[in-house]
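Inspection log for the structure reproduced underneath, given as structure tokens.
Chain letters run A, B, ... following the sequence lines, proteins first, then strands; residues in each count from 1. No hydrogens, no waters, no symmetry mates; every other heavy atom, side chains included, goes into these values.
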Protein chains: 4
Amino acid sequence: MSIHSLHLNLNTGVTSLASRKKEKYDLILEAALKVIAEHGFHGSQVSRIAKEAGVADGTIYLYFKNKEDILISLLREKLGELVAKFNSSIQEGDTADEALRKICEIHYTALEENVHLAHVAQIELRQSSIELRKEIGLAVKPYIELIESVIRRGMDAGTFRQGLDPKVVRLLIFGGMDEVVTSWLISGRKYSLSEQAGKTIDFFLKGLS
Amino acid sequence: MSIHSLHLNLNTGVTSLASRKKEKYDLILEAALKVIAEHGFHGSQVSRIAKEAGVADGTIYLYFKNKEDILISLLREKLGELVAKFNSSIQEGDTADEALRKICEIHYTALEENVHLAHVAQIELRQSSIELRKEIGLAVKPYIELIESVIRRGMDAGTFRQGLDPKVVRLLIFGGMDEVVTSWLISGRKYSLSEQAGKTIDFFLKGLS
Amino acid sequence: MSIHSLHLNLNTGVTSLASRKKEKYDLILEAALKVIAEHGFHGSQVSRIAKEAGVADGTIYLYFKNKEDILISLLREKLGELVAKFNSSIQEGDTADEALRKICEIHYTALEENVHLAHVAQIELRQSSIELRKEIGLAVKPYIELIESVIRRGMDAGTFRQGLDPKVVRLLIFGGMDEVVTSWLISGRKYSLSEQAGKTIDFFLKGLS
Amino acid sequence: MSIHSLHLNLNTGVTSLASRKKEKYDLILEAALKVIAEHGFHGSQVSRIAKEAGVADGTIYLYFKNKEDILISLLREKLGELVAKFNSSIQEGDTADEALRKICEIHYTALEENVHLAHVAQIELRQSSIELRKEIGLAVKPYIELIESVIRRGMDAGTFRQGLDPKVVRLLIFGGMDEVVTSWLISGRKYSLSEQAGKTIDFFLKGLS
DNA sequence: CATGAATGAGTGTTCATTCAT
DNA sequence: AATGAATGAACACTCATTCAT
């Protein structure tokens, strides 16, 4: 390392190397989110994301392995934030009903408030290769497991009836909500998504009969 | 057209010009189904589908407008068959419970028995352009409406409770089943899909509580 | 052979086999002229010419070796008609001046009266392969030689001055008229082409000085 | 690094980013000129031009919008050079005769000395689409207007006779020379083109009579 | 003679990724 | 670390021509 680079390091002394790295990393992810939401999956060339982020094409590859890595990272980061929000919202003392209601409300509200993310998560990211879809599955898993844990808690507490298979029910709940969100998006968001939470929970809790 | 030619058409119904045309049309669709299921959406070049069908590349374009048209046609044909199966299975006298149970059982069984179709419908076709996705939506609509009609029938007969919003419930039911199928596929089909129908219906009918 | 096709033969019984052949040959050429003039060189697929002529694609190949052969034949026929028109117009007793004036007038008038032919000859046929261009050269040759013969006649008669090189002058005359026609076409035919004949001949006869 | 390369570096020390960009731009144009002249319009695939220029296919598209853009640029550059040559050759004090003589001599000499250019300009470029032909027309226009200005100058000075229509005469002159060049090329260049200039001017100035 | 379904060679253009600077 | 010019593999689609009927 030369004196010149040392000098540069002194200049950036206030922000650590790690945080600078983190800054540009986030910059690119935010750019990717915006570009994909605006131009769709097929209109999201690496060069366009780089331009939006204000960096050179090559710079992308200093922070991400390849294009797919950008998408996977994007999902992981955003979904991680969402799961963190759930965890902080669901109090220890919540009943299973309350926890499930919160999950559904946060699910709908978070996507309603962040249409970009909703569009990318529900529409664009699903146009990806098998490898990417497996990664998406991994990223979604913690969320599905969160739902399962709530179901188990309800069954243990006697709030939910016995005989349910939590592995199947978690899918039915996640898939149901997922479809409601996609349908809302495709409709052109002509109604309030968060207002569907009541009906959704009502169906999940009491079923058809 | 004379009586004679009409008569001939009846006689040669199996190998008329129209049916030969139909044959090659189906041949290509079957090849497309196989190739997409095997090699994924991105590995399904037109030339590969042509090779699998045993026809020249150019022949594809005598039967389909473009590559996307193959996929749309594929979905329309297969989904049409499925909806026909539903309609012929659901008897007039069926209660809403029975009808919903049949829908779920046919949904799971049909996809379990035709893994190629399941793979294409659940994984590959979702990686398509917005235009294609709209077409898919149109193709799926009759099915979702079938579910809605069963819900309404149940509510009218007093089998299902009042206060349900059929527009939301139909999404929760379709989305739930859809997620179960996708999960089964991604798991590597390590368990029986059709055996999940009981638990699924149980949840739909009685809910969690 | 059925009675039906026999009946057809009776209908065409008045025209000999040769003339029927000739008829379809001409039919295709007329169709080609129309299609090329309307849709341009690149829009003139063999199938389109066949459709315009009311015959099957394959029928074209019973009368012409290949696509290029259609174009060459087209030019030969039409240019042949033109040269015949010249020859019948130019009287034995005409002076070279009069003959040249007639050539120019017929050249301009014929193309003005047949815009289709003009378009194909001046614009479309020049977009062809080298082989075709050589053929075009051969087809045009008799016409250029006609011009040369008039020049020689004028020099022999003393009407035209000595020292001219007929081989060069014939090119200058043909090229000049050709450019005037093309320019008129590209301009959108906003003025009368045949009215340019006077000025053209005036320049050819007296030059600039 | 050797003295030789050092020497070269000194020589090319002035090469700015812009000039290097210009270099590759010219490189591709020169390659296109050579390839089109050698293999004809239809044998000039973009990949062949790239190979001849020693660059990758994709590189072409960093400098040119598309294939047609290469041809248009080629014509504009080369014709621009030619017009510049005319302008610098024709002195203010030249009489119209002298100016016209120079135009004809440069026209013939320039094309005789650059057979590639001659071939492309006279034969290949004329096989292009209507859009391209319009571009060609635009590129040729300044040259035709140069001829017209000389004619007008001669008429004003009394060198050329009155009553001429400069708009028609410019076409007759340009078209005449053009045909002589094309004929020379098609003949296989078996005689000297530049030696035809005398006869050509002689005809233009004095006409036939 | 006539048909027209089938053929399959041929190519301009995009864009993820690299690497010399 | 950052750049961005250069790379080159990959692919849908057209259409002149053939040939079994």
Counting only N and O atoms by type, is there a donor-acceptor contact under 3.5 Å from the side chain of A/Thr59 to the main-chain atoms of A/Val55?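 The answer is no, because no donor-acceptor pair under 3.5 Å joins these two groups.
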Does D/Ser44 offer a backbone N or O that forms a donor-acceptor pair with the side chain of D/Lys67 under 3.5 Å?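 Yes: the side chain of D/Lys67 pairs with the backbone of D/Ser44.
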Taking any strand in view, what nucleotide pairs with F/dA20 in a Watson-Crick or G-U wobble way, both distances under 3.5 Å?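 The base-pairing partner of F/dA20, which may sit in any strand shown, is E/dT3.
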Any strand is fair game: report the nucleotide pairing with F/dA10 by Watson-Crick or G-U wobble, both distances under 3.5 Å, or none.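 For F/dA10, the partner nucleotide comes out as E/dT13, under the 3.5 Å rule.
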Give the minimum heavy-atom separation between C/Ala31 and C/Glu52, together with the two atoms involved.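 Closest approach of C/Ala31 to C/Glu52: CB-CG, 3.6 Å.
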Round to the nearest Å and state the distance from [X] atom [atom1] to [N] atom [atom2].
{"X": "B/Lys51", "N": "E/dG8", "atom1": "NZ", "atom2": "P", "result": "13 Å"}
{"X": "B/Ile60", "N": "E/dA5", "atom1": "CD1", "atom2": "P", "result": "16 Å"}
{"X": "D/Ile28", "N": "F/dA5", "atom1": "CD1", "atom2": "C1'", "result": "12 Å"}
{"X": "A/Leu71", "N": "E/dA16", "atom1": "CG", "atom2": "P", "result": "10 Å"}
{"X": "A/Lys67", "N": "E/dC15", "atom1": "NZ", "atom2": "P", "result": "8 Å"}
{"X": "B/Arg48", "N": "F/dA10", "atom1": "CZ", "atom2": "C1'", "result": "13 Å"}
{"X": "A/Tyr25", "N": "F/dA2", "atom1": "OH", "atom2": "P", "result": "15 Å"}
{"X": "C/Gln45", "N": "E/dT7", "atom1": "CD", "atom2": "P", "result": "21 Å"}

Under 4.0 Å between a side-chain N or O of [X] and OP1 or OP2 of [N]?
{"X": "D/Thr59", "N": "F/dT7", "value": "yes"}
{"X": "D/Tyr63", "N": "F/dA6", "value": "yes"}
{"X": "B/Lys24", "N": "E/dA6", "value": "yes"}

Among [options], which nucleotide sits nearest the side chain of [X]?
{"X": "B/Val55", "options": "F/dA12, E/dT7, F/dA6", "value": "E/dT7"}
{"X": "A/Tyr61", "options": "E/dG12, E/dT17, F/dT17", "value": "E/dT17"}
{"X": "C/Ala56", "options": "F/dA16, E/dG4, E/dC15", "value": "E/dG4"}
{"X": "C/Leu62", "options": "F/dT7, E/dA2, F/dT17", "value": "E/dA2"}

Contact check, side chains of C/Tyr25 and C/Ser73, non-hydrogen atoms, under 4.5 Å: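 Yes - at least one pair of side-chain heavy atoms lies under 4.5 Å apart.
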Could you check D/Asp57 against B/Asn66 and say which one's nearest nucleotide on DNA chain F is further toward the 5' end?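 First, find each residue's nearest nucleotide; the 5'-ward one identifies D/Asp57.
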Show your working on salt bridge (Lys or Arg N to Asp or Glu O under 4.0 Å) between C/Glu30 and C/Lys78 and close with a plain yes or no. CA-CA 10 Å; C/Glu30 290 299 329; C/Lys78 292 297 170 182; 3.3 Å; yes
Walking DNA chain E from its 5' end, the first of B/Gly58 and A/Lys65 to be reached, judged by nearest nucleotide, is B/Gly58
